[in-house]
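Working notes, beginning with the structure itself.
Source: prediction; values computed, not measured. The figures that follow rest on heavy atoms only: side chains count, while hydrogens, waters and symmetry mates do not.
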Amino acid sequence: MDPTPTTRTLTLLQSGGEWTATDLAARLGTSVRTARRDIQRLRRLGYTVEARPGPGSAYRLRPGGRLPPLLFTADEITALVAGLHLIRAWLPEEEVTASALLKLDQVLPRPLRRRAAAIDLATEVLQQPGAVVTAATVGVIADAVAEDGRLRFRYLDRHGRPSTRLVEPYRHFLRAGHWYLVAFDVERDDWRTFRLDRITDISPVAGTHRPRTFPYTSIERWLTSDFGRVPGTGTGPERRSPPVTRPGAAASVACREDGPLPEPASRDSHPPAERADVR
């Protein structure tokens, strides 16, 4: 969903500097009257938007003028800034984390701003090779999960074989340096995993459907049971429903896996080799 004009006005003001109503209207594609109305709305919400009087009057956002951030503690700011650094390692080609840090600096009171700046300076997370994802992809998946929606996307397996998938997403998770999507593949009638960096052209599918129950109480249990195929795992109270069976499923090796899913490494060993992709 696109941000509202008021939110986009706030984003421009938080980028720093002074903005005339004409400049705001030009950047947002609205009228000067709408830009001024958005300024008034921001003021009613508690933002301190200052106006320079006289010809060519311009607006600026005064740092620390919004009250809600005062509810943050120093430890919470530490967690927020460190978390943004962590996620930036997976989104190296995007500016969303940098813009979030900038906005945080604009609205924090001085003591918390010093803590945020200190964590920003002291924290460095090494980029993870081969694990690049986009915030847009993560956002589309999250919206579909929250709304019990379906997604359609193009997928490229490790052998370079393309396919189009219609899925009902359940969760996405990080493991062994890669982000994965767990989803029910409608056309293949089974639960699958997909690497997010191999997903393109993702979009929500209109309409409603009856949400499916994930067969295990946790993704971790599902993975350690080899997707439900290891006897004696995921049974009893751990399992929510019987596994999906299909003709010829026994002959399909790693049939639920559409991306390489490394086994978790022990503390005293190197990660084992990845499994092969299948269609």
Side-chain angles (χ1 to χ4, degrees), residues 1-72 77 80-81 83-110 112-117 119-121 123 127 132-144 146-147 149 151 153 196 199-204 206:
M1 181 180 296
D2 291 332
T4 65
T6 302
T7 302
R8 290 186 287 132
T9 299
L10 175 61
T11 299
L12 290 178
L13 292 174
Q14 288 176 328
S15 66
E18 294 185 341
W19 295 80
T20 66
T22 301
D23 292 336
L24 290 171
R27 287 291 299 272
L28 299 174
T30 61
S31 66
V32 171
R33 182 178 181 181
T34 298
R36 291 188 175 127
R37 186 167 58 243
D38 289 336
I39 293 295
Q40 294 301 321
R41 187 176 293 115
L42 288 173
R43 286 170 173 166
R44 288 196 298 270
L45 290 173
Y47 291 90
T48 305
V49 182
E50 300 176 334
R52 176 168 52 80
S57 176
Y59 301 100
R60 65 183 293 269
L61 186 67
R62 190 174 71 190
R66 190 187 177 194
L67 295 179
L70 294 175
L71 299 176
F72 284 121
I77 292 299
L80 282 172
V81 176
L84 286 170
H85 274 272
L86 286 171
I87 200 64
R88 183 158 57 186
W90 312 105
L91 305 171
E93 299 178 1
E94 306 223 7
E95 298 182 358
V96 290
T97 54
S99 63
L101 286 169
L102 175 62
K103 292 176 182 178
L104 196 61
D105 180 74
Q106 291 285 331
V107 298
L108 288 176
R110 185 171 299 173
L112 294 182
R113 202 182 311 159
R114 285 198 297 265
R115 168 59 68 89
I119 298 299
D120 188 27
L121 175 65
T123 306
Q127 182 177 337
V132 176
V133 297
T134 67
T137 296
V138 174
V140 170
I141 291 173
D143 289 341
E147 298 168 1
L151 297 172
F153 54 79
L196 263 62
I199 292 176
T200 58
D201 300 329
I202 187 170
S203 61

Original post:
Of the non-hydrogen atoms in T48 and L61, which two are nearest, and what is the gap between them?
Top reply: O-CD1, 3.5 Å
Original post:
Applying the side chain to side chain contact (heavy atoms under 4.5 Å, CB included) test to I141, which of D143, T137, V138 qualifies?
Top reply: T137
Subject >> Any H85 side-chain heavy atom under 4.5 Å of R88 side chain >> reply: yes
Original post:
What heavy-atom pair brings A35 and T30 nearest, and what distance separates the two atoms?
Top reply: N-OG1, 4.4 Å
Subject >> From CD1 (I39) to OG1 (T34), nearest 0.5 Å >> reply: 12.0 Å
Original post:
Is the closest side-chain heavy-atom distance between L101 and D120 below 4.5 Å?
Top reply: yes
Original post:
How close do I87 and L84 get, heavy atom to heavy atom, and via which atoms?
Top reply: CG2-O, 3.2 Å
Subject >> Closest heavy-atom pair and its distance - E50, R43 >> reply: C-NH2, 4.2 Å
Subject >> Student check: side-chain heavy atoms of P204 and V140 closer than 4.5 Å >> reply: yes
**OP:** Please check if atom CD in E95 has more than 12 non-hydrogen atoms from other residues, nucleotides or ligands closer than 6.0 Å.
**Re:** no
Subject >> Euclidean distance, L10 CG relative to K103 NZ, rounded to 0.5 Å >> reply: 7.0 Å
Original post:
For atom CZ of R27, is the number of surrounding heavy atoms from other residues, nucleotides or ligands below 6.0 Å larger than 12?
Top reply: no
Original post:
Is any side-chain heavy atom of D38 closer than 4.5 Å to a side-chain heavy atom of L24?
Top reply: no
Subject >> Side-chain heavy atoms of L28 within contact of L12, under 4.5 Å >> reply: yes
Subject >> Which atom of L13 lies closest to which atom of Y59, heavy atoms considered >> reply: CD2-O, 4.1 Å
Original post:
In terms of side-chain geometry, is the basic nitrogen of E18 or R60 positioned less than 4.0 Å from the acidic oxygen of its partner?
Top reply: no
Original post:
Less than 4.5 Å apart, any side-chain heavy atom of I119 and any of L80?
Top reply: no
Subject >> Point-to-point distance, once rounded to the nearest 0.5 Å, from CG of L104 to OG1 of T97 >> reply: 12.5 Å
**OP:** Kindly compute the distance separating CZ (R114) from CG (D105), expressed to the nearest 0.5 Å.
**Re:** 12.0 Å
Subject >> T20 OG1 to R52 CZ distance, which is reported to the nearest 0.5 Å >> reply: 9.0 Å
